[in-house]
Amino acid sequence: MRNQRVLVALLVASLVILAGCAGGGPPGVGSETTTSVNTTGTLTASPSETPTTTTVPTGSLEVHFINVGQSASTLIVSPTGETMLIDTGDWRNDGEYVLQYLQRHNITRIDHLVTSHADADHIGGHAAIINYYETRANGIGAVYDPGIASSSSTYQRYLDAVEQHNVTLFKTQEGDHIQFEGATVTVLGPPNPYIANKERNENSIVLKVTYGKTSFLLPGDAAQQEEQYLLRQYDSSLNSTVLFAGHHGSRFSTSDVFLDAVTPQAVVISSAYDSQYGHPHEEMLNRLAARNIPTYWTAVHGIIVLDSTGEQITVKTQAEAPTNPQSLRSASPLDPGATAPVTPRTTIDVEGNDGSGGGPPTTTAAQTTTSSQPAGALQLTEVHADAAGNDAENLNDEYIVFTNTGNALLDLSGWQLRDAANHSYTIPDGVTLESGAQITVHSGSGENTNTDLYWNVNQPIWNNGGDTVIVVDTEGITVLRETYQ
């Protein structure tokens, strides 16, 4: 029986590869007829479709990062209820955490099951999930696999379940599109042909999910070589609202140049609090901290749900914990499987700013379009975006003014000031603002005082034609967000 099972697994693996060689891919790939293959070896053709994009989003897209310890599992639910499950956690849990979560949320069908790569900490629950949904629920629509096999028993059980229930299995690589109603799902990796001598991490399925103006980049365990490939191929097209940190926050992933291309407004990390590998590594956290990127870690925030309207993302977590990357480990751990509900913590607004600057000289009170600031607290009272003469040569005349309109002292120590392009400035320790007092933040250089702070940048920050002023406190909560024109 053992030898027979191995042979079956090898046969299925070869059929996955055959599907790719025959021109197959996920539904909707390319402009010609696509070819699928089921596990009995029968090739079936289906008409291709053009990937769809919702230009005016209705409803919301939910991205659930499930707390599965030292592993990963992500559930995406479209505005119409279509579901995509990317990875299923570690083999030692046999999909228990993931299946319980799906059941609690009444997920009765998995339309798309994506295998980022064949490592046992990503496919640990595949067999259990497939068996459950094919026998006790409404089934699995299709499975997507990068096509690089593993010799592990976990991988063999996964393929056995695919074969037993005759689930459609697609080899999936760069350039494919997974049809997902209401959103666009683009496959950016693995490359075709494979790289890094077919090393599994470096040939992870990389997905970019776009809904309205919001987007999510999910790179699996991609490390240096696949990130470099993605940079060569896509460069600034990698720009995404939210980045799922590659390889559980390894020092070998989420590099400086990769972050500079993606420019995320938030990062999510999935790994255990006491990871045997030390994930997330300090080097990676320092790279995030240097860019002041709010960071959410399943080990301390628990389950993380990002709810996108297409214009704005609401971040919900089970536990309230710091989002400063260098403060994450100061929070208490939250066990996988915890059933506490998620609570809204903050919002991410996606601006249409092109960063081009220009426009008429601006010395104006801010025109508020959106704001999460509490009444009677920090208020943006002036934006002087157009300095006299050449902006770049007179940065101290480019400034913004804040007023404390509340009745109590405001301690601004460690708060972050940002713009829509994610430039950021951390207010020094000891900076406070008395009730009714004002403080001016200049883009240029100088000696900080009780009334004037200096960003110390070498280029203009505030666009003359309009920008967004964002202030975030030390807990990662947006306390002020205003757009001027």
Exercise for the section: Mark yes or no for whether Ser116, through its side chain, and Ile205, through its backbone, hold a donor-acceptor pair below 3.5 Å. Expected result: no

Handout entry: Neighbour count >12 (heavy atoms, 6.0 Å) for atom CZ, Arg136
Key = no

Exercise for the section: State whether the side chain of Arg287 and the backbone N or O of Arg251 hold a donor-acceptor pair below 3.5 Å, judged by distance alone. Expected result: yes

Problem - Heavy-atom closest pair, residues Ala319 and Val300 - result: CB-O, 3.3 Å

Practice task
Report yes or no: do Gln326 and Asn286 form a side-chain donor-acceptor pair below 3.5 Å?
Solution key: yes

Handout entry: Basic-acidic side-chain contact under 4.0 Å: Asp260, Arg291
Key = yes

Handout entry: Centroid separation His248 to Tyr277 less than 6.0 Å
Key = no

Exercise for the section: Classify the side-chain pair Glu181/Ser78 by whether it contains a donor and acceptor separated by less than 3.5 Å. Expected result: no

Exercise for the section: Report yes or no: does Asp176 contribute a side-chain atom to a donor-acceptor pair with the main-chain N or O of Thr172 at less than 3.5 Å? Expected result: no

Exercise for the section: Mark yes or no for whether Thr83, through its side chain, and Asp111, through its backbone, hold a donor-acceptor pair below 3.5 Å. Expected result: yes

Exercise for the section: May I ask you to decide if Ser250's main-chain N or O and Ser253's side chain share a donor-acceptor pair within less than 3.5 Å? Expected result: no

Problem - Donor on one side chain, acceptor on other, His117 and Asn203, under 3.5 Å - result: no

Practice task
Decide yes or no for Leu334 and Trp297: does some side-chain heavy atom of the first lie under 4.5 Å from some side-chain heavy atom of the second?
Solution key: no

Completion exercise
Exactly one of Val262, Thr184, Thr241, Thr186 clears side-chain contact (heavy atoms from CB on, under 4.5 Å) with Ser215, and that residue is Thr241

Exercise for the section: Say whether Glu202 and Tyr229, considering side chains only, have a donor N or O and an acceptor N or O under 3.5 Å apart. Expected result: no

Problem - Presence of salt bridge, Lys316 and Asp307, under 4.0 angstrom - result: yes

Problem - Residue Glu82 excluded, over 12 heavy atoms near CD under 6.0 Å - result: yes

Exercise for the section: Name the orientation class of the two ring planes belonging to His112 and Phe180 (parallel below 30°, tilted from 30 to 60°, perpendicular beyond 60°). Expected result: perpendicular

Practice task
Give a yes-or-no answer on whether the side chains of His64 and Glu62 include a donor-acceptor pair shorter than 3.5 Å.
Solution key: yes

Exercise for the section: Decide whether Tyr273 and Asp335 meet the rule of one side-chain donor and one side-chain acceptor closer than 3.5 Å. Expected result: no

Practice task
For the pair Ser240 (side chain) and Val242 (backbone), establish whether a donor and an acceptor sit closer than 3.5 Å, ignoring hydrogens and angles.
Solution key: no

Practice task
Assess whether atom CG of Asp256 is packed by more than 12 heavy atoms of other residues, nucleotides or ligands within 6.0 Å.
Solution key: yes

Exercise for the section: Measure the spacing between CZ of Arg418 and CG of Asn292 and express it to the nearest 0.5 Å. Expected result: 6.0 Å

Practice task
Side-chain contact test, heavy atoms from C-beta onward, threshold under 4.5 Å: evaluate it for Ile86 versus Leu207 and give yes or no.
Solution key: yes

Handout entry: Side-chain touch Phe170/Asp145, heavy atoms, less than 4.5 angstrom
Key = no

Exercise for the section: State, without any angle test, whether Ser152 and Ser150 hold a side-chain donor-acceptor pair at a distance under 3.5 Å. Expected result: yes

Practice task
Keeping the roles fixed (side chain from Ser270, backbone from Ser71), state whether a donor-acceptor pair exists under 3.5 Å.
Solution key: yes

Problem - Parallel, tilted or perpendicular: rings of Tyr158 and Tyr155 (30°, 60°) - result: perpendicular

Completion exercise
d(Trp415 CH2, Asp473 CG) to nearest 0.5 Å is 6.0 Å

Practice task
Report yes if the side chains of Leu217 and Asn239 come closer than 4.5 Å at any heavy-atom pair, otherwise no.
Solution key: no

Problem - Ring centres under 6.0 angstrom apart (Phe244, Phe65) - result: yes

Problem - Gap between atom NE2 of His281 and atom CE of Met284 - 0.5 Å precision - result: 9.0 Å

Problem - Donor-acceptor pair between Thr483 and Thr468 side chains, under 3.5 angstrom - result: yes

Problem - For the student: nearest non-hydrogen atoms of Ser204 and Ala222, plus distance - result: OG-N, 3.7 Å

Handout entry: Short side-chain to backbone donor-acceptor contact, Thr115 and Leu113, under 3.5 Å
Key = no

Exercise for the section: Write down the atom of Gly69, the atom of Pro336, and the distance for their closest heavy-atom approach. Expected result: N-CG, 3.6 Å

Exercise for the section: Taking the side chain as every heavy atom from C-beta outward, state whether Leu238 and Leu231 have any atom pair closer than 4.5 Å. Expected result: yes

Completion exercise
Heavy atoms of Ile303 and Val342 approach each other most closely as O-CG1, 3.7 Å

Exercise for the section: Answer yes or no: is there an ion pair linking Arg329 with Glu282, defined by an N-O contact shorter than 4.0 Å? Expected result: yes

Handout entry: Any side-chain donor near an acceptor of the partner, Gln70 and Ser275, under 3.5 Å
Key = yes

Problem - Gln225 side-chain N/O to Ile195 backbone N/O, donor-acceptor pair under 3.5 Å - result: no

Fill in the blank from the handout: Arg200 and Ala149 have their tightest heavy-atom pair at NH1-O, 3.8 Å

Exercise for the section: Carefully, step by step, assess Asn138 and Tyr133 under the rule side chain to side chain contact (heavy atoms under 4.5 Å, CB included). Expected result: CA-CA 6 Å; Asn138 295 330; Tyr133 276 90; over 6 Å; no

Problem - Closest non-hydrogen atom pair between Thr317 and His301, with its separation - result: CB-O, 3.6 Å

Problem - Spacing of CG belonging to Leu169 relative to CD1 belonging to Ile140, to within rounding of 0.5 Å - result: 12.0 Å

Exercise for the section: Measure the spacing between CG of Leu218 and CG of Leu243 and express it to the nearest 0.5 Å. Expected result: 8.5 Å

Problem - Heavy-atom donor-acceptor pair, Tyr194 side chain to Pro146 backbone, under 3.5 Å - result: yes

